[in-house]
Amino acid sequence: MNISIVIPLYNEDESLRELHAWIHKVCEAHSLTYEVIFIDDGSTDSSWKVIEDLSQNNNNVKGIQFRRNYGKSAALYCGFIKAQGDVVITMDADLQDSPDEIPELYKMITEDHYDLVSGYKKKRYDPLSKTIPTKLFNATARKVSGIHNLHDFNCGLKAYRKDVVKSIEVYGEMHRYIPYLAKNAGFTKIGEKIVHHQARKYGSTKFGGLNRFVNGYLDLLSLWFLNTFGRKPMHVFGFLGSLMFFFGLIASIIVGGSKLYALAEGIKAPLVTDSPYFYIALTMMLMGTQMFLTGFIGELVSRNASERNEYHIKNEI
């Protein structure tokens, strides 16, 4: 099979028939064998009924229905498990992603040998309240991930080699960072294609709200930390804890030494506990000890984790 098209959706019953017809038309015109996997993320409208009808009329249509709304990452994860095509393409169900992009995305994976190709909606039909935070978010993601050629990490229209989707785990809200996840798994040939962004035809966006940008930054920080220190937590916590304890110890020695010197010289000196530096030194030593122990416990957890020796092997003889 040439292509698996994975489509997460939530309350998109108005657009599904039109989207399926468009995909079928494009794939037939380019002689591409395909499957469409709709993932109904707990819709409360008739989306699942539409998917069932489409499946009865076309064996290429498959579907997964969640009992409740789990989010886009969960939908993509289940879709990736089910996908069987040599190339996996993801797109949104709201008709803002054009199926006409499918043949070129397929070509970039199969002929240009990209591991992953991300769409770039250079001209967007979104309000400024969405486009400006998106630009700031993508600039940060480029800096942290080191993938400097991508302008739109969160574009729903992407194409992958099958090996990529079978090697990464998308969870939480990590769908925004699939290129970063792929890079961490060793798939470094990541490209970008300018794609057409269409105005929403039915309903309203299901991903509005500024909280998604806050969550996006927190997820990015979490992903960076796990990738950098996930297998070696002692390197960061142990080092910082030791450094903080050392400075605290030096400060306490200076405070105590000053007191002893004053007593030896017969100089009336204030109590050690009257000095603010005593409490600063004590706090640094306590925090340093806690950070060191945090790193030690993290190291124990990492060494006993089931995936501690899970590595992505490209070839084997």
When rounded to the nearest 0.5 angstrom, what distance separates [atom1] in [X] from [atom2] in [Y]?
| X | Y | atom1 | atom2 | value |
| --- | --- | --- | --- | --- |
| Leu9 | Asp45 | CG | CG | 8.5 Å |
| Glu18 | Leu16 | CD | CG | 10.5 Å |
| Leu76 | Ile39 | CG | CD1 | 7.0 Å |
| Leu105 | Met91 | CG | CE | 8.0 Å |
| Met287 | Leu240 | CE | CG | 10.5 Å |
| Ile5 | Ile89 | CD1 | CD1 | 6.0 Å |

Between [X] and [Y], a side-chain donor and acceptor under 3.5 Å:
| X | Y | result |
| --- | --- | --- |
| Asp13 | Ser43 | no |
| Asp40 | Ser47 | no |
| His151 | Glu192 | yes |
| Tyr34 | His24 | yes |
| Asn69 | Asp41 | yes |
| Asp100 | Trp22 | yes |

(Q) Is there a path of hydrophobic side-chain contacts, each under 4.5 Å between heavy atoms, that joins Tyr120 and Tyr114? (A)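 No, it is not one cluster - the side chains of Tyr120 and Tyr114 are not joined through contacts under 4.5 Å.
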
Q. So Tyr180 and Phe187, ring pair (Phe, Tyr, Trp, His ring centres under 6.0 Å) or not? Walk me through it.
A. CA-CA 9 Å; Tyr180 195 11; Phe187 299 98; over 10 Å; no

For [X] and [Y], work out which heavy atoms get closest and say how close.
| X | Y | result |
| --- | --- | --- |
| Lys166 | Ala83 | NZ-O, 2.9 Å |
| Met291 | Gly241 | CB-CA, 3.7 Å |
| Asp94 | Asp97 | OD1-N, 4.3 Å |
| Ser118 | Cys155 | OG-CB, 4.5 Å |
| Leu54 | Phe38 | CD1-CE1, 4.2 Å |
| Glu35 | Met1 | CG-SD, 3.4 Å |

Q. Just wondering, more than 12 heavy atoms not from Tyr70 lying within 6.0 Å of its OH?
A.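 Yes, the 6.0 Å shell around OH holds more than 12 heavy atoms from other groups.
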
Q. So, do Asn58 and Val61 sit near enough that their side-chain heavy atoms are less than 4.5 Å apart?
A.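 Of all side-chain heavy-atom pairs linking Val61 with Asn58, at least one is under 4.5 Å.
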
Q: Report yes if some heavy atom in the side chain of Ile178 is under 4.5 Å from a heavy atom in the side chain of Ile168; otherwise report no.
A: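 Sidechains of Ile168 and Ile178: in contact.
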
Closer than 3.5 angstrom, by distance alone: can the side chain of [X] be matched with the main-chain N or O of [Y] as a donor-acceptor pair?
| X | Y | value |
| --- | --- | --- |
| Ser73 | Val170 | no |
| Ser31 | Cys27 | no |
| Asp115 | Lys189 | yes |
| Thr90 | Val6 | no |
| Asp92 | Pro8 | no |
| Lys121 | Gln96 | no |
| Asp86 | Asn2 | no |

Q: Classify the angle between the aromatic ring planes of Phe80 and Tyr160 as parallel (below 30°), tilted (30 to 60°) or perpendicular (above 60°).
A: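 Answer is perpendicular, since the angle exceeds 60°.
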
Q: In plain terms, say whether Lys122 and Asp152 are close enough for a salt bridge, that is, a side-chain N and a carboxylate O under 4.0 Å apart.
A: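 Between Asp152 and Lys122 there is no salt bridge, as every charged N stays at least 4.0 Å from the carboxylate O atoms.
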
Q | Passing candidate, salt bridge (Lys or Arg N to Asp or Glu O under 4.0 Å) with Glu101, options Lys107, Lys193, Lys158 | A |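 Going through Lys107, Lys193, Lys158 one by one, the salt bridge (Lys or Arg N to Asp or Glu O under 4.0 Å) with Glu101 is satisfied by Lys193 alone.
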
Q: Give the other cluster members for Phe245, using side-chain heavy-atom distances under 4.5 Å between Ile, Leu, Val, Met, Phe, Trp and Tyr residues; answer none if it is isolated.
A: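 Phe245 clusters with Leu249, Ile253, Met285.
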
(Q) Taking side chain to side chain contact (heavy atoms under 4.5 Å, CB included) as the criterion, tell me which of Arg176, His175, Arg142 meets it with Phe153. (A)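 By the side chain to side chain contact (heavy atoms under 4.5 Å, CB included) criterion, Phe153 pairs with just one of Arg176, His175, Arg142: Arg142.
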
